[in-house]
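Take a look at the structure set out below.
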There are 2 protein chains.
Amino acid sequence: MHSPELLKGTLQTILLKVLTDNGKMYGYEITQKVKELSMGRILLTEGALYPALHKLEAEGLLQTETVLMGKRVRKYYTITPIGKSLVKERVAEFRDFIKTMSSVLQVQMA
Amino acid sequence: MHSPELLKGTLQTILLKVLTDNGKMYGYEITQKVKELSMGRILLTEGALYPALHKLEAEGLLQTETVLMGKRVRKYYTITPIGKSLVKERVAEFRDFIKTMSSVLQVQMA
DNA sequence: GTCCTATACATAATTCTCTTATGTATCAAG
DNA sequence: CTTGATACATAAGAGAATTATGTATAGGAC
């Protein structure tokens with residue numbers, strides 16, 4: 001992660017949403033996509049990314065498919081139906097959080 | 001804290017902003033104000049609040065004044081000039097974070 | 001008169017999430 | 001033949017919060 005403490009707790013939401021929008025992706029590809037979407041402001045670190053992906057898989061929100069590209073291993077992640085229902089909740093939760101914070105900080109977040 | 005992981009890293013910003021907007025306040029009063037502003041969604045816990053206030057004081061962003069109300073002790077906090085300049089940065093940082101997240105999650109945060 | 005809730009401060013132990021560090025390995029460019 | 005990008009993974013440590021605990025006053029319910 002590049003930006004400060006604020007990102008804590010948003011990683012799962014980011015992963016689920018990016019996988020929802022882009023279909024099958026592998027870890028490194030996700031870091032690049034998030035970097036692109038955030039205009040370089042969110043740089044996922046491997047130490048956070050891989051454990052998070054493993055956890056989401058263990059919870060049945062993602063499923064994997066390992067592919068050999070030449071001699072390189074790639075592990076593709078796809079969101080499951082359960083994951084799809086959760087991502088909606090998570091994004092809604094995030095929007096709620098923004099509304100609440102706007103109210104507390106008395107600022108317009110448009 | 002009541003809401004999930006999302007609030008991590010926002011506590012300092014909340015404290016500085018609330019003290020900027022409301023002038024002199026004491027700990028318990030801050031929890032009530034934040035509860036009110038957030039419509040009951042952000043419930044500051046004492047274990048987070050007091051260490052955070054002490055830290056901000058140690059850093060010179062807040063200054064204190066202890067008052068005896070009857071037999072009860074109250075510790076009032078006021079934001080310092082240094083604190084005032086920081087709160088602007090923090091709020092701006094938060095708005096940036098929202099913009100970035102909106103872009104990554106591909107949602108409108110209006 | 002006593003118990004519960006609210007007010008009011010504070011700290012310690014624990015948990016959770018992420019960063020930093022480390023490790024392995026392929027591949028292309030210069 | 002070395003460097004940087006690609007590609008995975010785990011372990012040690014740091015930071016911020018939750019939960020638990022402690023002290024104490026005050027008011028209302030019962």
Side-chain angles (χ1 to χ4, degrees), chain A residues 1-16 24-36 38 40-59 62 64-77 90 93-94 97 101, chain B residues 1-16 24-36 38 40-59 62 64-77 90 93-94 97 101:
Chain A
M1 296 285 198
H2 171 253
S3 298
E5 299 302 321
L6 297 173
L7 282 162
K8 297 233 178 190
T10 61
L11 180 55
Q12 279 200 9
T13 306
I14 290 172
L15 297 179
L16 292 171
K24 199 195 300 190
M25 293 181 94
Y26 56 97
Y28 187 79
E29 190 184 6
I30 294 173
T31 66
Q32 299 309 301
K33 189 68 183 174
V34 170
K35 185 178 173 184
E36 178 202 324
S38 68
R41 293 201 188 84
I42 301 180
L43 305 173
L44 302 184
T45 59
E46 294 160 301
L49 176 69
Y50 294 113
L53 287 172
H54 298 164
K55 196 185 168 199
L56 291 171
E57 188 189 359
E59 289 168 352
L62 299 180
T64 59
E65 187 189 337
T66 301
V67 176
L68 263 174
M69 300 293 287
K71 288 177 184 173
R72 293 265 271 285
V73 176
R74 265 190 199 165
K75 204 164 164 185
Y76 281 95
Y77 288 86
R90 287 296 176 83
E93 212 172 72
F94 188 76
F97 165 68
M101 283 297 291
Chain B
M1 296 286 198
H2 171 254
S3 298
E5 299 302 320
L6 297 173
L7 282 163
K8 298 232 176 189
T10 61
L11 180 56
Q12 280 201 8
T13 307
I14 290 172
L15 297 178
L16 293 171
K24 200 195 300 189
M25 295 180 94
Y26 57 98
Y28 187 79
E29 190 183 7
I30 295 174
T31 66
Q32 299 309 301
K33 189 69 185 174
V34 171
K35 185 178 171 183
E36 179 202 325
S38 68
R41 293 202 188 83
I42 301 181
L43 305 173
L44 301 185
T45 59
E46 295 160 300
L49 176 69
Y50 293 113
L53 287 172
H54 299 164
K55 196 186 169 198
L56 290 171
E57 189 190 358
E59 288 168 354
L62 299 179
T64 61
E65 187 188 337
T66 302
V67 176
L68 262 172
M69 299 295 286
K71 287 178 185 172
R72 293 264 271 283
V73 176
R74 265 191 199 166
K75 205 164 163 184
Y76 281 95
Y77 289 86
R90 287 296 176 84
E93 211 173 72
F94 188 76
F97 165 68
M101 282 298 289

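Chain identifiers are assigned alphabetically (A, B, ...) following the order of the sequence lines, protein sequences preceding nucleic acid strands; residue numbering begins at 1 within each chain.
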Check your understanding: Are the side chains of A:L53 and A:L49 in touch, meaning some heavy atoms are under 4.5 Å apart?
Key -> yes
Practice item. Please state how far atom CG in A:L7 lies from atom P in D:dA17, giving the value in whole angstrom units. Key: 14 Å
Exercise for review: Could you walk me through whether B:T31 and B:L43 pass the side-chain contact (heavy atoms from CB on, under 4.5 Å) test, one step at a time?
Suggested key: CA-CA 7 Å; B:T31 66; B:L43 305 173; over 6 Å; no
Point to revise | Between C:dT17 (C1') and A:L6 (CG): distance, integer Å | key: 14 Å
Check your understanding: Can you name the closest pair of heavy atoms from B:L15 and B:A52 and give their distance?
Key -> CD1-CB, 3.8 Å
Point to revise | Strand-adjacent residues in residues 67-74 of chain B, judged by heavy atoms under 4.0 Å from DNA chain D | key: B:K71, B:R72
Exercise for review: Start with the C-alpha distance between A:F97 and B:T10, add both sets of side-chain angles, then the distance that settles side-chain contact (heavy atoms from CB on, under 4.5 Å), and finish with yes or no.
Suggested key: CA-CA 11 Å; A:F97 165 68; B:T10 61; 4.0 Å; yes
**Study point:** Working for side-chain contact (heavy atoms from CB on, under 4.5 Å), residues A:Q32 and A:E29
**Key:** CA-CA 5 Å; A:Q32 299 309 301; A:E29 190 184 6; 5.8 Å; no
Check your understanding: Just checking B:G47: base, sugar-phosphate only, or nothing, at a heavy-atom cut-off of under 4.0 Å?
Key -> base
Practice item. Starting from P on C:dA10, measure out to CD1 on B:I30 and report it in whole angstrom. Key: 11 Å
Check your understanding: Which one, D:dA7, D:dA16, C:dT20, comes nearest to the side chain of A:T45?
Key -> C:dT20
Point to revise | Residue whose nearest DNA chain D nucleotide is more 5′ - B:G9 or A:Y26 | key: A:Y26
Review point. Could you give the CD-to-C1' distance, from B:E46 to D:dT19, as a whole number of Å?
Key: 11 Å
Practice item. Give the rounded distance in Å between these two atoms: CG of B:L43 and P of D:dA17. Key: 15 Å
Review point. Under a 4.5 Å cut-off applied to non-hydrogen side-chain atoms, are B:I42 and B:L44 in contact?
Key: yes
Check your understanding: OH of B:Y50 versus P of D:dA17: gap in Å, rounded?
Key -> 16 Å
Check your understanding: Can you tell me if NZ on B:K75 sees more than 12 non-hydrogen neighbours from other groups inside 6.0 Å?
Key -> yes
Point to revise | Residue-phosphate contact under 4.0 Å: A:H54 side-chain N/O, D:dT10 OP1/OP2 | key: yes
Study note, to complete from the structure: B:Q12 atom CD is separated from D:dA16 atom P, nearest whole Å, by 7 Å
Study note, to complete from the structure: To the nearest angstrom, the CE-C1' distance between A:M25 and D:dC8 comes to 16 Å
Exercise for review: Would you tell me if any nitrogen or oxygen in the side chain of B:K55 comes within less than 4.0 Å of OP1 or OP2 on D:dA16?
Suggested key: yes
Revision key, fill the gap. By nearest-nucleotide position on DNA chain C, the 5'-leaning member of A:L49 and B:Q32 is B:Q32
